[in-house]
Amino acid sequence: MRLPNDNFSVAENAIGAQSRDSGHDTLALGIAVAAIFLFVGTGSSALSQVIHAIRGTGVLQNPLIALAVLLNVAIILFGWRRYRDMSHAVLHHCAAEAEARSLAETDVLTGFLNRRSFAKIADQMISDHKGSSRFALVMADLDRFKQINDLHGHAAGDAILQETASRIALVLPANALVARLGGDEFALLIPIDVARPERVDQLANALIDAIAAPMFVKETEVSMTVSLGIARSDCEIEPNAQSVTQALLYSADVAMYHAKRHGRNCYFWFEAAMEGELRFRRELEAGIRRGIEQGEFVPYYEQQIDLKTGKLTGFEMLARWKSPTYGIVNPQIFIPIAEDLGVIDVLSEQLIAKALQDAKAWNPQLALAVNISPVQLRDPWFSQKLLKMLVETNFPPQRLEIEITESCLLENVSAVRAMLASLKNQGIRISLDDFGTGYSSLGQLRELPFDSIKIDRSFVMNLTEGKDSATIFKTIAALGEGLGLPMTAEGIESEAVLAELQAYGDFKGQGYLYGQPESGAATLERLAALDLLQTVEPASVARPEPAAEESADRLNRSAARG
Ligand code: C2E
Ligand code: MG
Ligand code: MG
């Protein structure tokens, strides 16, 4: 069995190639050897005569023999040179062939085997030990590796993969086989020690720990984690698979996706029930891609209310997928998948463009809030793209608010700060969503240019259900007050919670008490009934909307309850 980089096959191939090619120069060697025998047999006495004749100390008795001796010496020299040249050529050829084979068999970046050679050697190993040994195939996939490439560039991504490979090599037992299958995917074939089967679990934990240790990219610390799936060679072999290794790779892949869905940075052994989950996930992925092409993602709108006055102040856009297969799908299902697939930016841009069009028909006093994924905030062109959409729809930036969650701040706060500053320069407002659920320090939050914060609904919904809930809410609200920013309470479901909030302080609020999120058409109907539709097309993006007294009056009349 092989360790990475041991180039076993290179040496084997070199020997093989050499023996094949050595036939060519046997002839040259044979001629030289025959000439030497002839020379030893007949030439030695004649040679001394030739030397004496050349020196002038003797006479050449038979010039023909002398000529034959000289010819013999020339043949020996020629034969020897030819043999040496051909040996060089053969060695050179062998080395080139061995290198070509090595390139075909190994992954250049890490020195590990590649997918093809791994499958071949693993099949051989498993069949050699059939009946005597069992193997575990471990599939390892780095978590959110795409973000490293997007954020730090491909050279940094390559460096991370090399570092990962050397950490795997350190943890790997000497009798294991390892490969990089492509991208950020690695596979390990490990013989299971029947006396100590728990060694595979220990190895999985050791791999997880080794990769979770800090890595550095151009002196910036990045934290990588890995998800693992493990399949055993003595069960669950798919009968239709091309080979045992292909079947194990498939099962380990299924288990690895299960680990991804269960929080990442962990491992799972394959179980047959996981297969259904993966198939469903694949269907969803294909459906999301198709849905984006077909325009199946639509904005819904949830009312936002000033709790003191009861006025409608605007709407939060919440994405919905009108899937022909699954019906109306909530964003908690499809947003994380769209992020993983790398299509969240296209999806979100489609939704925002539709929402800007919808909101242009509303009273210009009404704001539009949109949620932005952390993935989008990492796109250096994001604020330009947003501005382009605003210009194209002729929508005033002052009416737009973007909501970002604390998870956006987890990495690269300075890049996020620059992005938020650029958005604010355009007049867009920024709110911190789901406040209280993240781990950001107040100092960190104070440094960022937020205009408001939204207290997560988990703190609001149960506000009246006991002293503890009220205390927690008040603690969170006090933290928000410490930041000196207006607050919105999410998830108001009852009059009792509303009354509590009104008594506690100045909040904006939203929740099912005011109605469930509605489609664009239903929102228009609601606004038409409240006489809150836009009557005149806004003149230009650059100018803020004039605060028309008439529309303010209408807003005052709209104690908008669903
Ligand atoms: P969020 O931004 O915190 O949105 C509020 C969520 O709470 C919405 O769920 C809303 O329907 C729900 N909600 C509002 N009031 C109540 C209430 O009184 N009780 C309860 N139980 N729930 C209430 P939804 O629409 O499923 O959205 C979930 C999350 O998905 C959003 O949380 C937001 O983070 C994300 N999301 C929605 N649309 C988009 C989008 O276009 N892009 C991105 N990146 N994320 C989005
Ligand atoms: Mg939100
Ligand atoms: Mg929220």
Side-chain angles (χ1 to χ4, degrees), residues 284-304 314-362 366-379 381-405 407-408 419-420 423 426 428-434 454 490 510 515-527 534 541:
L284 275 180
E285 287 178 355
I288 289 170
R289 286 188 196 279
R290 217 175 21 244
I292 293 175
E293 277 166 26
Q294 309 283 325
E296 290 166 11
F297 292 90
V298 292
Y300 269 44
Y301 301 98
E302 179 169 314
Q303 301 168 68
Q304 295 184 315
F315 292 89
E316 175 177 4
M317 187 272 275
L318 294 161
R320 293 291 181 267
W321 177 20
K322 277 190 167 172
S323 157
T325 319
Y326 311 107
I328 302 276
V329 183
N330 281 345
Q332 261 129 345
I333 307 279
F334 63 80
I335 296 280
I337 302 179
E339 287 175 345
D340 283 352
L341 291 177
V343 295
I344 184 68
D345 49 347
V346 190
L347 173 58
S348 177
E349 280 158 34
Q350 272 189 9
L351 284 161
I352 295 175
K354 286 181 189 166
L356 291 176
Q357 279 301 343
D358 285 351
K360 269 178 69 180
W362 306 344
L366 296 171
L368 169 70
V370 297
N371 293 281
I372 297 299
S373 152
V375 179
Q376 288 171 280
L377 272 197
R378 281 186 221 114
D379 172 6
W381 297 103
F382 175 70
S383 81
Q384 298 306 316
K385 287 179 186 169
L386 204 56
L387 184 63
K388 187 163 171 271
M389 280 193 271
L390 287 168
V391 170
E392 277 169 3
T393 42
N394 196 20
F395 192 88
Q398 293 75 11
R399 284 182 66 192
L400 183 68
E401 180 169 306
I402 70 160
E403 296 190 4
I404 66 166
T405 54
S407 53
C408 292
M419 172 71 71
L420 296 188
L423 291 168
Q426 295 171 21
I428 297 167
R429 278 168 300 131
I430 296 151
S431 68
L432 178 63
D433 204 356
D434 303 343
K454 299 185 69 177
E490 299 177 324
Q510 56 185 92
Q516 299 263 341
E518 295 171 322
S519 68
T523 304
L524 276 187
E525 276 176 32
R526 173 184 293 280
L527 291 176
Q534 165 78 281
V541 166

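A heavy-atom distance below 4.5 Å is not found between the side chains of R320 and S519. Contact annotation: the side chain of L386 never approaches that of I372 to less than 4.5 Å [non-hydrogen atoms, C-beta and beyond]. Under the 4.5 Å side-chain criterion, counting only non-hydrogen atoms from C-beta, K454 is in contact with E316. At a threshold of 4.5 Å between non-hydrogen side-chain atoms, the residues K322 and I328 count as touching. Using a 4.5 Å heavy-atom cutoff, the side chains of I335 and N371 are not in contact. Considering only heavy atoms from C-beta on, Q303 comes within 4.5 Å of F315 through its side chain. Between E490 and D434, the closest side-chain pair of non-hydrogen atoms falls below 4.5 Å.
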Can you list, pair by pair, the side-chain donor-acceptor contacts under 3.5 Å of residues 287-301, counting residues two or more places apart and other chains?
residue, atom, partner, partner atom, Å
E296, OE1, W321, NE1, 3.0
Y301, OH, D358, OD2, 2.6

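Every residue two or more places apart in sequence or in another chain that forms a side-chain contact (heavy atoms from CB on, under 4.5 Å) with Q426 is listed here: S383, L387, S422, I428. For D340, the salt bridge (Lys or Arg N to Asp or Glu O under 4.0 Å) partners two or more places apart in sequence, or in a different chain, are R264, R281.
Between F382 atom CZ and L377 atom CG the span is 6.0 Å, to the nearest 0.5 Å. Taken to the nearest 0.5 Å, the CG atom of D345 stands 12.0 Å off from the CZ atom of R378.
Side-chain atoms of K385 never come within 3.5 Å of backbone atoms of E349 as a donor-acceptor pair (strictly under, hydrogens ignored). In this structure, the side chain of R399 engages the main chain of A359 through a donor-acceptor pair within 3.5 Å.
Closest approach of S323 and V329 over heavy atoms only: CB-CG2, 4.2 Å.
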